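A short worksheet on the structure shown next.
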Number of protein chains: 2
Amino acid sequence: MATKTGKSSEKKSSIFEVAELSGVSIATVSRVLGGKAYVNPELVLRVKKAAAELGYRPNRSASSLRMRVSKTIGVIISDIENPFFTSVIRGIEKILYDAEYSLLFCNSNEDPERERSHLSILRSEDVAGIILTPTNQNSAFCRDLVNSGTQLVAIDRIPEMELMDVVTTNNRKSAFDAASHLVELGYQRIGLIAGPKQPSTSRERFEGFRDAVLTNNLPLDPDLIVYSDFRQAGGYQAMKTLLDLKNPPEAVMISNNLMTLGGLQAIHERNLHIPDQIALVGFDDMPWATSLQPPLTAVAQPAFDMGTTAAELLLDRLTDPTRSYRKVELDTKLMVRTSSGAKSA
Amino acid sequence: MATKTGKSSEKKSSIFEVAELSGVSIATVSRVLGGKAYVNPELVLRVKKAAAELGYRPNRSASSLRMRVSKTIGVIISDIENPFFTSVIRGIEKILYDAEYSLLFCNSNEDPERERSHLSILRSEDVAGIILTPTNQNSAFCRDLVNSGTQLVAIDRIPEMELMDVVTTNNRKSAFDAASHLVELGYQRIGLIAGPKQPSTSRERFEGFRDAVLTNNLPLDPDLIVYSDFRQAGGYQAMKTLLDLKNPPEAVMISNNLMTLGGLQAIHERNLHIPDQIALVGFDDMPWATSLQPPLTAVAQPAFDMGTTAAELLLDRLTDPTRSYRKVELDTKLMVRTSSGAKSA
DNA sequence: CTGAAAGCGCTAACAC
DNA sequence: GTGTTAGCGCTTTCAG
């Protein structure tokens with residue numbers, strides 16, 4: 001019998017086979033495996049043995065259907081290629097794995113339309129909860145979700161409405177500290193490459209920057225503030241704009257990691273020396289920050305911890321869906337290195 | 001606010017409500033929505049209208065249970081924080097999204113134990129297929145999966161056994177080209193920071209390097225070959241080892257992106273000039289490659305395309321599970337920049 | 001062509 | 001404490 005495709009499927013066994021092999025009812029098997037009801041220890045043993053012998057894995061679709069909720073968490077990330085979010089995901093994954101949840105991954109690509117579509121799909125998957133970086137364009141939909149019993153947790157950006165837990169960092173303070181660092185170093189003309197207007201993160205970083213400048217009695221020159229898109233190409237263009245000014249800045253704060261990469265490109269293209277000719281402070285401390293010459297001064301955000309925290313918040317809420325919404329603000333840390341012109345490493 | 005619109009939903013509606021509202025049986029609703037049987041056009045219209053009105057989304061758990069396969073693909077990645085895999089994932093996601101599949105994400109962290117666990121979970125989720133970067137320690141398990149009807153596709157690394165499609169790049173040739181580039185530039189003592197022994201990728205890159213050296217009648221000095229772990233810290237240590245040699249290399253090829261970052265750190269620490277004192281060629285062309293000073297010469301791998309290809313291969317196989325296994329080898333491109341000491345940019 | 005009905009594998013009443 | 005049984009929402013025979 002070697003002719004055709006050997007589809008001698010070692011068939012997946014169901015709870016029924018386990019019950020049969022261990023000589024109990026399927027209800028008992030379910031109780032043993034679910035572990036939420038007392039069962040005679042001897043039976044427990046027999047069931048577990050039978051399950052192991054058959055390599056039994058409960059069918060999650062059946063379980064989800066019956067329980068009306070799955071052991072799955074949806075995650076909607078706005079840009080999977082951004083290392084910041086990548087660390088967030090790893091944090092989420094770690095917690096969910098330990099809690100035996102699966103992770104349904106979606107990439108919204110910052111597109112509200114796509115976000116809505118994903119939200120909708122996740123709903124039809126009966127996910128237990130969703131962790132997302134909200135575009136804040138789908139509030140109505142989110143509300144529906146919450147009303148129908150799906151828990152949401154927002155990451156990084158603050159959602160418009162009070163209907164989910166949220167974990168962020170104190171962007172305003174971080175930006176204030178980063179900009180102040182530049183001021184203390186004696187720079188007078190400090191530029192900002194800001195993010196898009198929509199997300200709360202870029203707004204807050206702008207505010208922190210502005211506060212630092214004004215607090216120190218420096219002028220807030222609109223020419224020195226360029227709005228961009230959180231992407232590398234955008235950062236490149238923005239830096240060029242700044243450098244092209246008849247009176248260019250002595251130092252620049254850049255509002256995220258990808259734009260920093262673009263900014264660096266523009267600076268190198270003109271053979272400008274960092275920090276002598278142009279000092280830099282970035283947002284997000286990435287693996288490559290210390291591999292740059294000179295190493296980059298940057299605001300380190302606890303991306304991994306944001307992920308774990310979000311997952312924990314969600315799991316927690318799953319066990320107590322009625323508790324009031326929480327907002328957790330994690331600390332950032334300014335990693336002072338040489339790109340800002342600081343003396344100490 | 002008395003009228004129901006698709007957007008205002010209190011409760012999830014099931015196929016039953018759609019049937020009721022449109023005055024047909026649930027079987028007909030299923031046929032209309034599934035689109036695989038002829039239904040009276042007029043009824044089709046009524047059903048679609050009702051579905052839209054109710055904001056109906058078929059319950060995927062129920063469907064999976066009944067069909068014994070879900071509209072879900074599992075993806076097991078060895079290191080989510082590596083930008084290379086991150087691009088792969090985006091490629092996969094793009095294709096799957098268009099095909100209306102969901103993506104169940106798993107991080108194996110290069111750990112065979114964890115890989116097995118994920119494989120097992122994915123099985124109990126009834127996933128239609130799995131895309132993975134295999135550790136090659138779970139062949140028996142993979143075979144079981146295939147036998148029970150789950151399609152697998154390997155990415156990047158070549159699996160031990162002939163039981164799945166695979167998409168890779170020609171690592172041997174890429175490494176050969178990269179090393180040859182260094183030879184042509186006139187370097188005599190060329191070092192290699194190699195990856196771990198297990199994955200086929202690092203083995204092949206080593207072979208390509210060796211071939212290039214030997215082909216050009218240069219000695220293959222074992223001192224100049226350091227094995228590491230594909231991680232940043234490992235690359236840092238490896239580069240230090242190389243630099244500490246009484247007779248250090250003039251040029252180094254580094255076998256992946258993260259180790260390159262580590263190597264750069266070690267070089268900067270000693271204030272060595274690139275490429276004058278030490279020339280560099282890396283693997284994987286990352287966003288930061290052009291932001292470095294000098295820009296990094298590197299082998300660009302089509303990570304995104306590898307992802308789309310893998311997903312397409314899988315989808316294709318899902319429609320024809322009996323077709324023979326395919327191996328797709330994508331082209332890489334050596335991006336010549338200044339870190340290798342080349343003249344042209 | 002359309003409807004009735006039988007499960008897919010699992011959990012949770014409800015009996016005993 | 002354990003077994004029996006009724007569905008969860010969906011797809012797919014099988015009749016008509």
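As the structure is a prediction and not an experimental result, all values here were calculated from the model. No hydrogens, no waters, no symmetry mates; every other heavy atom, side chains included, goes into these values. Residue numbers start from 1 in every chain, and the chains themselves are labelled A, B, ... in the order their sequence lines are given, proteins ahead of strands.
Applying the side chain to side chain donor-acceptor pair (under 3.5 Å) criterion to B:Gln198, with sequence neighbours excluded, gives no partner residue. Looking at residues two or more places apart in sequence or on another chain, you find no side chain to side chain donor-acceptor pair (under 3.5 Å) involving A:Asp156. Listed by chain and number, the residues in a side chain to side chain donor-acceptor pair (under 3.5 Å) with A:Thr322 are A:Asp320 (sequence neighbours excluded).
Sorted by first and then second residue, the salt bridge (charged side-chain N to carboxylate O under 4.0 Å, His left out) pairs with a member in residues 89-106 of chain A read A:Arg90-B:Glu81, A:Glu93-B:Arg114, A:Lys94-A:Asp98; sequence neighbours excluded. Among residue pairs with one or both ends in residues 49-59 of chain A, those qualifying as side chain to side chain donor-acceptor pair (under 3.5 Å) are A:Arg57-B:Ser120, A:Asn59-B:Asp126; sequence neighbours excluded. Sorted by first and then second residue, the side chain to side chain donor-acceptor pair (under 3.5 Å) pairs with a member in residues 26-41 of chain A read A:Ser25-A:Thr28; sequence neighbours excluded.
With values rounded to the nearest 0.5 angstrom, A:Ser102 atom OG is found 10.5 Å from A:Tyr97 atom OH.
In the helix from C:dC1-D:dG16 to C:dC16-D:dG1, the terminal helix axes, each the rotation mapping four pairs' C1' atoms onto the next four within five end pairs, subtend 40°, rounded to 10°.
Take the nearest nucleotide of DNA chain D for B:Thr28 and for A:Tyr38: the residue whose nucleotide is more 5' is A:Tyr38.
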### Query
What is the per-nucleotide protein-contact pattern of nucleotides 7-13 of chain C, from the 5' end, where B denotes a base atom under 4.0 Å from a protein heavy atom, S denotes such proximity for sugar-phosphate atoms only, and - denotes neither?
BBBBBBB
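In this structure, CG of A:Leu45 is placed 13 Å from P of D:dT2, rounded to the nearest angstrom. In this structure, the CZ atom of A:Arg46 is 12 Å from the C1' atom of D:dT2, given to the nearest Å. Between the C1' atom of D:dT12 and the CG atom of B:Leu33 lies a distance of 15 Å, rounded to the nearest Å.
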Could you tabulate the donor-acceptor pairs under 3.5 Å formed by side-chain atoms of residues 13-22 of chain A, not counting sequence neighbours?
unit_1: A:Ser13; atom_1: OG; unit_2: A:Leu54; atom_2: O; d: 3.4
unit_1: A:Ser14; atom_1: OG; unit_2: A:Phe16; atom_2: N; d: 3.1
unit_1: A:Ser14; atom_1: OG; unit_2: A:Glu17; atom_2: OE1; d: 3.4
unit_1: A:Glu17; atom_1: OE1; unit_2: A:Ser14; atom_2: N; d: 2.6
unit_1: A:Ser22; atom_1: OG; unit_2: A:Val18; atom_2: O; d: 2.6

